[in-house]
Every structure is written in C-alpha cells, then in structure tokens.
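One structure below.
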Amino acid sequence: MNKNLVPFWEKAYQEDDTIAFSSQPNITITEFEHLINTQSNVLDVGCGEGQNAIYLAQKGYNVDAFDLSEYGIAKLKHKCELSNTQVNAFVANLTTYQFKQHYDMILCFGTLHFVDKNDWKSFINNAKEYTNIGGIHIIQIFTDAVPASEDIAPFAIGLAKDEEIKELYTDWDVLQFKSYVFEDEHPNFPKHLHASNKIVARRMK
C-alpha cells in the first residue's frame, strides 16, 4: 500500500462542516439497544466521529469509544463538548487493543475489513471474552461479494467471505444476520456499491 494515500474519512474528520458517514446512529442500534439496561457499559470500536457513541451516551449508557484516527477522536470530543455529552473517547488500534473491563454491548461498524483477517478474528474472539453474559455484539463488515470500491480498495485488506463472520458466533445466540449489497456515497466521490454482512449476537453463557 502507498503510505502516502489518505482515506477520504481522514480528510472529512478535519472539516467541521463535513460528515464522513452519517449524523444519525445506525438503525440496528436503535433496534436492539433495549436488550441492555440504560447505564450499561458500551464499547464502540472504530467509532469515527462518533454518531453512535454520542447517541448512546445521551441515552445514559457508559460509553468507551476508540478509533485509529486522531482527527476522528478530536472531532468526537469537540462534538461532546458542544452537546455536554460524556464519552470516554481515545485513540487506539484494534489490532493491539487490550481490554480492561467487560462490556454489555460492543459495536463495530465498517471497520474490521481495514485490518488483516487474522487480526479482526482475534479481536472478535477477545471481545467475546470481555462481554458480560446477556451482552450483545453488533458487528458490520464488508465482504468480497462485490469488489471493493475505488475509495476504500487500497485500505480494505481484510474483506470477509460472505457469512464468514457467523462462524465466530456459533456459541452465541444470533439474533439477526443480514447479507446485503448497498449503494453508498461520500463527499467528492460518486455513488458506488459495498457488499456487507451485519450480525447481532447475544452471549448466553
């Protein structure tokens, strides 16, 4: 990979008037958040500029959120200051992340495919160990069912096979699984397609 390449989201994170992905929480969070109590501990992995973390913190959850991007975390913290929202946001790399506590919900949207497949599988297995009984994971990962779009192709080194993510949750209760292709659009880049898997799973024992 060309080390001088900069992903579009890094540029968007530096601009106050640009939204890299969405200003709204992921719809799957709003669908399943009722499964854990308010004030539960939540970890948002690859949180970006923080729309999911901020939404949950404002609902009363205790939210830790990390991202590899210093700009993303700075933007998240700035948003928290403006809205008087408490999120424990910090810069970290999921390939070396060390869990320090257990969580009731762990979220990861559109992040895992940017690291080697062995690394994201190892992270998920560690995350499972640090999830309380009854806790849930909401994980979304891009697959190779369609080629990676030009904007992410240089960075998407860990695309999953379709349904591969399910193999890591055979010992959990899978509440929802979706395999789909969706149209996407980013600032200064035309519409394009991504293939994705999304899983919601609950630890039962």
Exam field: side chain [X] to backbone [Y], donor-acceptor pair closer than 3.5 Å:
X    : Y    : value
H113 : G158 : no
T111 : C108 : no
Q140 : G110 : yes

Which heavy atom in [X] sits nearest to a heavy atom in [Y], and how many Å separate them?
X    : Y    : value
S69  : V91  : O-CG2, 4.3 Å
A65  : V87  : CB-CG1, 4.0 Å
S179 : D162 : OG-OD1, 2.6 Å

For [X], all residues meeting side chain to side chain donor-acceptor pair (under 3.5 Å), sequence neighbours excluded:
X    : result
D104 : N132
T143 : none
T95  : N93
K178 : none

Should [X] and [Y] count as side-chain neighbours, where that means a heavy-atom distance under 4.5 Å?
X    : Y    : value
N62  : V42  : no
D119 : S122 : no
E129 : H102 : no
N125 : K128 : yes

Q.
Please list all pairs meeting salt bridge (Lys or Arg N to Asp or Glu O under 4.0 Å) that have one or both residues in residues 193-205, counting only residues at least two apart or in different chains.
A.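 For residues 193-205: none.
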
Q: Mind jotting down which residue pairs meet the side chain to side chain donor-acceptor pair (under 3.5 Å) criterion with at least one end in residues 81-92? Sequence neighbours excluded, please.
A: Q58-T85, D64-N88, S83-T85

Determine whether [X] and [Y] fall in the same hydrophobic cluster, where Ile, Leu, Val, Met, Phe, Trp and Tyr are linked whenever their side-chain heavy atoms lie under 4.5 Å apart.
X    : Y   : answer
Y71  : I54 : no
F109 : Y61 : yes
L68  : L76 : no

Salt bridge (charged side-chain N to carboxylate O under 4.0 Å, His left out) against [X], all qualifying residues, sequence neighbours excluded:
X    : value
K77  : none
K121 : E164
D144 : K161

Q. Any side-chain donor paired with an acceptor under 3.5 Å for T131 and H137?
A. yes

Q | Residues Y180 and S196: side-chain donor-acceptor under 3.5 angstrom | A |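 Looking only at side-chain atoms, S196 and Y180 do form a donor-acceptor pair, the distance falling under 3.5 Å.
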
Q.
Clusters formed by hydrophobic residues whose side-chain heavy atoms approach within less than 4.5 Å: which one holds I133, and what are its other members?
A.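 Members other than I133 - counting any ILVMFWY side chain reachable under 4.5 Å - there are none.
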
Q. Under the 4.5 Å side-chain heavy-atom rule for ILVMFWY, direct or indirect, which residues accompany I106?
A.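 Members besides I106, by chain and number: L43, V45, F66, F90, L94, Y97, F99, Y103, L112, V115, W120, F123, I124, Y130, I139, I141, I165, L168, Y169, W172, V174, F177, I199.
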
Gap between atom [atom2] of [Y] and atom [atom1] of [X] - 0.5 Å precision:
X    : Y    : atom1 : atom2 : answer
D173 : M204 : CG    : CE    : 5.5 Å
L107 : I29  : CG    : CD1   : 4.5 Å
M105 : E33  : CE    : CD    : 6.5 Å

Q: For atom CG of L82, decide whether the heavy atoms of other residues, nucleotides or ligands shown that lie under 6.0 angstrom number more than 12.
A: yes

Q.
How about CD on Q101, more than 12 heavy atoms from neighbouring residues, nucleotides or ligands closer than 6.0 Å, or not?
A. yes

Q) What ring-ring contact (aromatic ring centres under 6.0 Å, His included) pairs are there with at least one residue in residues 26-56, not counting sequence neighbours? A) none

